[in-house]
Amino acid sequence: MAQPRVLVIGGGLAGLAATMRMAELGMHVDLVSLVPVKRSHSVCAQGGINSVNALTRQQGDTEWKHFDDTVYGGDFLQHQPPVKEMADWGPRIVDLMDRLGVPFNRTPEGFRDQRRFGGTLYKRTSFAGATTGQQLLYSLDEQVRRWEVEGLVKKWEFWDFLEPVVDDSGRCRGAVCQDLVSMEFRAFPADAVILATGGCGLVYGRSTMSMVCTGSAVSRAYQAGASYGNGEFIQVHPTAIPGADKLRLMSESARGEGGRVWVPRKPQDPRAPRDIPEADRSYFLEERYPKYGNLVPRDIATREIFDICTTDGLSVEKDRLCVYLDLTHIPREALDRKLGGILEIYEKFQGVDPRTEPMKIFPAVHYSMGGLWVDYEKSGTGGLVEGSPRNQQTNIPGLYAIGECDYQYHGANRLGANSLLSCIFTGLFCAPGVIAGGRSPAGTEPLFAAAIRRQEERHRALLSRTAGAENPYDLHQELGNIMTRTATVVRRNDQLAAAYGEVCTLEERWRKCAISDTGNWTNQNVVFTKSLGDMFPLAKLILKGALQRDECRGAHFKPDFAMPGIEATDPIEKRREAEAWCDRFEENTRRWLKSTVATQNADGHPEISYEDIDTSLIPPRPRLYGLVGGEVIEEVWKERQASKTATNGHAAVAAAPATTGA
């Protein structure tokens, strides 16, 4: 290569932030995107981006509390130094995006307006109506276009990442991609490759994710030897519009602006919702979680909505599970100014004005907390060492992962509005380390020639399958049904084990798929069939990780291993139950507070191992949002922690060397 180059795969917030930052540092960047970058899935993000701000600081908020809320909401399943660094960067990132022209909503005094999101008691979320992702994406795209004009960035839109090219030493030297218009294959030599390709929602068939979110890029990296972390942790968003084609998000911002979730106390009450008096309504989230109300963390809200429809039988409709999300008590002007984007979506697809009639919503697959395993270098202050090549690097040297496709920041459950922050943060923060990672040597041409031949042969083999017995679109629907039925809100080991076998059978059937389009120009049929084949490895690692993790943590809920609240009413008995509860919690923490790390074996099945979590900054504690008897459990837990602290302090004093006077 004549000059240093980095290859960025993915043109969403993470990819654009990394591209912008590296161009600022003088690096040449090839930016490959499956779609025009302004159509990347980041454009669908609605609610906002989190950071501590002037308003919350007046209420006692700090970056440390944002950090604490994030790890507590994620059930402590994330390494803490990267999360701390992200929270520390939050105010700078929001200020930066403000200066880059994002039209954040303003107060009458001209300050940025803020809303509260789930899992926190502070209004940390800056927003641009209900189209925040779009506004952030467009602002970053403008900056990248500036560097295109300078000659430092070249965009390759409508190109598909096929495989990382790895040399004999195990280092990534670039990638092979395919033009989705001409179907041409091309090698992209690079000093480093950054994957910023988002989540894998299409593994579940229908989800809130865009139709390009197949997970194929991370799957191809995984199949090339990259490790995958915490794959079983899939976020199911509490509020979405059910649809036959896909599921459409109704942002948490609706509840952040005062929206209320409720069902009639009478099953399938035939009255119009506005004719049902308050006494006949169950505002079940507010009743069960008075402190957080409708803004409990997403995993909890999702399970409550699911339970009230299935277990309690209080779904609004008999033939379709749903509850009401009510905005009708909020002034129309405020709704249009702050939530106009999502209200238009609901009105368009449901034919109902949510300003005058409550929305009907139900949970939907939304986000992947898991992703490619990435490294970090811890600093002396507990955060990260800026400029370290280890930050965001996968176990394949030279291959990085940022944004939703890495596993690092959200643990077992992501808090709303932290996703946009983590995407932009990882893109900006990793850039100096990527540049410091070194140059690729000359003489790698044979590697790329072999990789291109491999992909051309795979492509020709698929095109020759004109007489296959299987339809890839039918197989995809079957895969989505299996995954949605067994690996979303409630998980049971017998169902997970059976689902794993079914997915393996589907994968064998995929090898007999018929290709209806054998053309060599914009062949979407063969592109989808390739992506479908790459969904099976991800489905298997999700199912196997979920099967082996015998606990409840965040979005991963197994009723057989749940830890219910305190049932006793007698104070002595309540104390005894709380002690037993804390014993069980400590044992569960010792056994399961570990990252799941999946690698692919030669036979195509995932090999699962576990990695200890760095909890050196905030000790794990029980996650007690609204748990019955939680105040007694918290009291017992704090007493135990105080006792341990005192014991450790005495031990440290006893172990200190004696000093002699002068």
Query raised in the report: Do other residues, nucleotides or ligands put more than 12 heavy atoms under 6.0 Å from D603 CG?
Result: yes

Query raised in the report: Do T302 and D299 have side-chain atoms, one donor and one acceptor, less than 3.5 Å apart?
Result: no

**Report entry** Atom pair CG (N523) and OG1 (T518), whose distance is rounded to the nearest 0.5 Å
**Finding:** 7.5 Å

Report summary line: Residues at least two apart in sequence or cross-chain that pass side-chain hydrogen bond (donor to acceptor under 3.5 Å, both in side chains) with H79, listed by chain then number, are Y407, E611

Report task. Return yes if some donor-acceptor pair links the side-chain N/O of H605 with the main-chain N/O of Q600 below 3.5 Å, else return no. Result -> no

Query - R21 and E24 ion-paired at < 4.0 Å - result: yes

Report task. Any chance you could lay out the side-chain hydrogen bond (donor to acceptor under 3.5 Å, both in side chains) test for S419 and R414, step after step, and finish with the verdict? Result -> CA-CA 8 Å; S419 59; R414 177 175 67 78; 3.3 Å; yes

**Report entry** Flag if over 12 foreign heavy atoms under 6.0 Å of CZ, R39
**Finding:** no

Query raised in the report: Do W159 and F185 make the cut of ring centroids closer than 6.0 angstrom?
Result: no

Query raised in the report: Within 45° of the axis and under 6.0 Å from the centre of the six-membered ring of F188, does NZ or CZ of R186 qualify?
Result: yes

Query raised in the report: So does R509 pair up with E478, basic N to acidic O under 4.0 Å?
Result: yes

Query raised in the report: Hey, do the aromatic rings of F233 and H410 have their centres closer than 6.0 Å?
Result: no

Report task. Is it possible for you to check whether R465 lies under 6.0 Å from the centre of the six-membered ring of W510, through NZ or CZ, and within 45° of that ring's axis? Result -> yes

Report summary line: Separation between CG (L372) and CD (E404), nearest 0.5 Å, reads 11.5 Å

**Report entry** Non-hydrogen atoms of V32 and C177 that approach each other most closely
**Finding:** CG1-SG, 4.2 Å

Query raised in the report: Is Q78 reaching over with its side chain to a backbone N or O of T70, donor-acceptor style, under 3.5 angstrom?
Result: yes

Query - salt bridge (charged side-chain N to carboxylate O under 4.0 Å, His left out) assessment of E232 paired with K544 - result: CA-CA 8 Å; E232 65 268 32; K544 189 169 183 180; over 6 Å; no

**Report entry** Distance, nearest 0.5 Å, that separates CZ of F161 from OG of S33
**Finding:** 13.5 Å

Query raised in the report: With no hydrogens and no angle check, is any side-chain donor or acceptor of Q477 less than 3.5 Å from a backbone partner on G205?
Result: no

Query raised in the report: Hey, is E551 close enough to K558 for a salt bridge, meaning N to O under 4.0 Å?
Result: no

Query raised in the report: Who pairs with D160 by side-chain hydrogen bond (donor to acceptor under 3.5 Å, both in side chains), at least two apart in sequence or on another chain?
Result: R220

Query - Interatomic spacing from CE in M86 to CD1 in I424 - rounded to 0.5 Å - result: 12.0 Å

Report task. Quick one: closest heavy-atom pair of V203 and M483, and the distance? Result -> O-CG, 3.6 Å

Query raised in the report: When you check the gap from the basic side-chain N to the acidic O, do D141 and K155 get nearer than 4.0 Å?
Result: yes

Query raised in the report: Salt bridge check: are R511 and E470 linked by an N-O gap of less than 4.0 Å?
Result: no

Requested in this report: Kindly determine whether K154 and E148 satisfy salt bridge (charged side-chain N to carboxylate O under 4.0 Å, His left out), including the steps that lead there.
Outcome: CA-CA 6 Å; K154 183 168 184 181; E148 279 188 273; over 6 Å; no

Query raised in the report: Any Lys/Arg nitrogen of D30 or R5 sitting under 4.0 Å from an Asp/Glu carboxylate oxygen of the other?
Result: yes

Query raised in the report: What is the distance from atom OG1 of T19 to atom CG of L140, rounded to the nearest 0.5 Å?
Result: 9.5 Å

Query raised in the report: Between the side chains of R485 and Q495, is a donor N or O closer than 3.5 angstrom to an acceptor N or O?
Result: no

Query raised in the report: Looking at CG of L34 and NE2 of H41, how far apart are the two atoms once the value is rounded to the nearest 0.5 Å?
Result: 13.5 Å

Query - CA sep, side-chain torsions, deciding dist, call: W373, Y228, ring-ring contact (aromatic ring centres under 6.0 Å, His included) - result: CA-CA 5 Å; W373 180 94; Y228 199 98; over 10 Å; no

**Report entry** Lys/Arg N to Asp/Glu carboxylate O, D494 vs R491, below 4.0 Å
**Finding:** no

Query raised in the report: Who passes side-chain contact (heavy atoms from CB on, under 4.5 Å) against S207, sequence neighbours left out?
Result: M209, V365

**Report entry** Exam field: side chain N230 to backbone T596, donor-acceptor pair closer than 3.5 Å
**Finding:** yes

Report task. Indicate yes or no: does D534 engage K530 in a salt bridge with an N to O separation below 4.0 Å. Result -> no

Report task. State whether the side chain of T132 and the backbone N or O of Q46 hold a donor-acceptor pair below 3.5 Å, judged by distance alone. Result -> yes

